[in-house]
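To start, the structure itself, in structure tokens.
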Amino acid sequence: MSEILATAYEPAQVEAHWRKHWEEAQIFTPDPKAPGEPYAIVIPPPNVTGVLHIGHALNLTLIDVLIRHARQLGKNVLWVPGTDHAGIATQNVVERALAREHKTRHDLGREAFIERVWQWREEYGHRILEQIAALGCSVDWTRLRFTMDEGLSKAVRRVFVQLYNEGLIYKGDYIINWCARCHTALADDEVEHENTHGHLWSIRYRLSDGSDAIVVATTRPETIPGDTAICVHPEDDRYKHLIGKTALVPILNRPIPIIADNYVDREFGTGALKVTPCHDHNDWMLGKRHNLEFIQVIDADGIMKEESGPYVGLTKEECRKKIVADIEAQGDLVGVSDLEHAVGHCYRCHTVVEPHVSTQWFVATTKLAKEARDAVPSLTKILPTNWLKTYYHWLDNIRDWCISRQIWWGHRIPAWTCEKCGKLIVQEDAPTKCSCGSTDLVQDPDVLDTWFSSSLWPFSTLGWPDNTEELKRWYPTNVLITGFDIIFFWVARMMMLGQHFMHEVPFKTVYLHALVRDATGHKMSKSTGNVIDPQVMITKYGCDALRFTLTAFAAMGRDIRLSEERIEGYRHFVNKLWNAARFTLMQLGDTTPIACALEALTDLEHVWILHKLEEAKTNVAQALAEYRFNDAAQSCYKFLWAEFCDWYLELVKPMLQQGTEQSKSQAQYVLWSVLREILILLHPMMPFVTAEIWQALPCVSDSFTGELAKAPYPAKRPLCIKPEAAAQMEFIQGVIVAVRTIKAELNISPGRKVHLLIVPQDQSQQDLLARHTTLLQTLARLEDLKFIQSGEQPKASAASVVQGCQLVVPLKGTVDLAQELARLDKQLAKLAKNLINVQKHLADPNFLAKAQAHVVEREQQQAQELLDNQAKLTALRERFAQALEEA
RNA sequence: GGGCAGUUAGCUCAGUUGGUAGAGCAUCGCCUUCACACGGCGGGGGUCGUAGGUUCAAGUCCUGUACUGCCCACCA
């Protein structure tokens, strides 16, 4: 006999065993030359600094489900794992570590600091990889990549140089978002806008000729020293007469022009706007348009510069207080009001972002966007489709992408300046000499935005720029699965660069999954303390329970509200499977089941479960093909628990225990076959428990004998699809349930055997029930079962009607008869309610005339059935009432 | 300001092409039935946010509206 499994599934050891086995046997390392349609997914590379959170767990689980399923379908499957160097995030982590030693990165110097980051990565960078493995992800570890590894760095340089030569990368002065804490530029989408309580100061600016004054409103008085104009709406009657005149900047008394531009909103504030081109994105635009002066008064550290006159050396916060006080003292502060407005924050460290003018590198995404836009949805589908508008809107309004970062950890920009002649040299490898002959070349100190390398991920991980076997075989990849929060950061940019360099979209489908929230719908975050740690869940409930929960909740386009109880609930399901397997193994004993033709079996219980199995197989495959993960999980759940365990296992017990050798053998084989196929269906969602059970099952000759991770998806058995048999089974189930209900509602102990008298509707019902007497007796716990004629029913008996078949249980005064009367009345009331509904339809001439024929027919049938049931039940009730009176 | 979701049983959510509302958990009753108490059996519980419209028929399609959440956006 196969080893007996323990009563409760214990995941820890099982998971460790299979993880080790999968990795050592390199099960998931494909050969590019192997047959089978190529199927590839790239992992959204987690940060090296990262710790696996529930969002990763969802993402990785869904990918793994598709990947494992694709293998079952015989495809040549590649899942490349890897991590992202995460420039700012990683640098921050290492800087924090340094701070504990009371050092800054400047104390170490650039080279030593970078060395330190690599060290850190050696030490901690594998944690996230181990966590990926702990989730059971079937990635190909032999092809592990890192955005800073040699190959990917080469790809980054190649892309940079080519884009530069094509004029798609350029260097220029521009107002960018500056994080004074990270000390670097940020891209537009790295800035998070948050509503913040602030103030709106109204300040009087006097005209230079002393004739008049104009009041402007501002939220940032500290930028006043940088003002180079006042702007009003050209048609604003209040200010029309001032346009073209000169005003004086308060305190500094520098003259500035009063200009007009349609941009100004007359309704807001005073309708007059002070323009500070160096410290506001809109003012920058106005400055360019009106040829204003550009005066920078706040430096990169947030300190007031010399240009700010008396405020030099103050922080911008100090300056704000002081200048407001000064203006008030001078009598030009007209008013202050509260204002809630959006303020940009750094998405990494949450410092308030300062618009800052500086020299930066840009990718001309305004030119690359069109192709990426046009590819959707013809070449790349985005699911769920409601993200389409968002994707289009972003690409239609895209600005050039600022890619330089003033940090040290990342891909250094491959650009050198000749100190002698000033020539800029952009090339992949460090130049030794300028064309002017000088060797005094200095590399640009900046590094590239982390997302720059991430944007190349789908082809760089496959070996580009070399024309590798992997690249030829697996580009474009099939599907990208990621959270919608990085649709701009990552998805859109991969599209742009993939198309530009590979001349083909990087993936055919993008599936954007939901955010995992806590049970109350809030974003999970460490600071709120509402995180569900996947590793803790794995330890407590097992990886399969976690994975199945996430899969079952992944309905398209909806956020997932997760709570620990859900995971605990699905652990029960894992255990249910485990015990169904134990039962099967016990029934098989030492014997290897003997194969027989499943299509030819005639016993209803087998025919029925095989029919249901076919349904489940079709449902699961179809659901996964359409990314309906939740439906796939539900189909499995329902089939295994509600059909296989609740009914089939109970149905075959009599056969297994006291059946003939032949029927026992058939039951064993069906049991074995169905369980095996369930294991295959569930394997992508619950890889560990299924693999463990699979290897405990005996092998039957000419069935697939390899391990489960390699098992093909079960072939269809069209001849097993038998809806008529399923309907017969449903009738029998109905009878069993009716008897159980009678017992339960009359407080008859379920174990107590009763006599059942049956008045069948017709001969075929009688034959069907007669053929399954044992089964009925066992599952409904009957003493015996007899067919009687209508009118022979004993008066003192409980009754029920199923599909016109009357079921009568004589009570012989054992129970409270009044209870049965109440029960019958309740049932009759229910019937009457249904009947009214149906009859209402049938009474409506419009319905009869316009509804589809099959709908009308069905209604009529139903009405008849209900009427029939009602009549029978009413008659039974009458007899019963009589009995009650006589008693 | 623009866009997108959601609003269905006490809770969390399903509900493919319009045809008499489903699951899990929770709850109540019964059961130490030899796979499983991480179990079995049975029950109760919803006029599908709201107001209209289309239709013989609407949770399902259309319009308005309320509330909640998210994303985008240069009102200083």
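Throughout, a chain's letter reflects where its sequence line sits, starting with A, and its residues are numbered from 1.
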Under a 3.5 Å cutoff, is there a donor and acceptor pairing between the side chains of His290(A) and Asp261(A)?
yes

Remember a base hit wins even if backbone is also touched, and classify Arg858(A) as base, sugar-phosphate or nothing at under 4.0 Å, heavy atoms.
sugar-phosphate

I need the single residue from Gln864(A), His841(A), His854(A) that forms a side chain to side chain donor-acceptor pair (under 3.5 Å) with Glu859(A). Which is it?
His841(A)

Mark up nucleotides 31-46 of chain B, 5' to 3', with B wherever a protein heavy atom is under 4.0 angstrom from a base atom, S wherever such an atom reaches only the sugar-phosphate, and - elsewhere.
--B-BB-BSSSSSS--

Heavy-atom nearest nucleotide on RNA chain B taken for Lys389(A) and for Asn846(A); more 5' hit belongs to Lys389(A)

Can you name the ring-ring contact (aromatic ring centres under 6.0 Å, His included) partners of Tyr392(A), sequence neighbours left out?
none

Identify whether any heavy atom of Asn837(A) sits under 4.0 Å from a base atom; if not, whether one sits that close to sugar-phosphate; answer base, sugar-phosphate or nothing.
base

Within the 3.5 Å criterion, strictly below it, is a donor on Glu564(A) or Tyr541(A) matched to an acceptor on the partner's side chain?
yes

Name all residues meeting the ring-ring contact (aromatic ring centres under 6.0 Å, His included) criterion together with Trp178(A); count only those two or more places apart in sequence or in a different chain, and write none if there are none.
His183(A), His356(A)

Side chain to side chain donor-acceptor pair (under 3.5 Å) partners of residues 271-288 of chain A, not counting sequence neighbours, each pair once
Asn177(A)-His281(A), Thr223(A)-Lys274(A), Asp227(A)-Lys274(A), Asp227(A)-Thr276(A), Tyr263(A)-Asn282(A), Lys274(A)-Thr276(A), Asp280(A)-Asn282(A)

What dot-bracket string describes RNA chain B from 5' to 3', counting Watson-Crick and G-U wobble pairs whose defining distances are under 3.5 Å, with [ ] for crossing pairs and | for pairs to another strand?
(((((((..((((.....[..)))).(((((.......))))).....(((((..]....))))))))))))....

Residues two or more places apart in sequence or in another chain: which of them pass salt bridge (Lys or Arg N to Asp or Glu O under 4.0 Å) with Arg628(A)?
Glu626(A), Asp631(A)

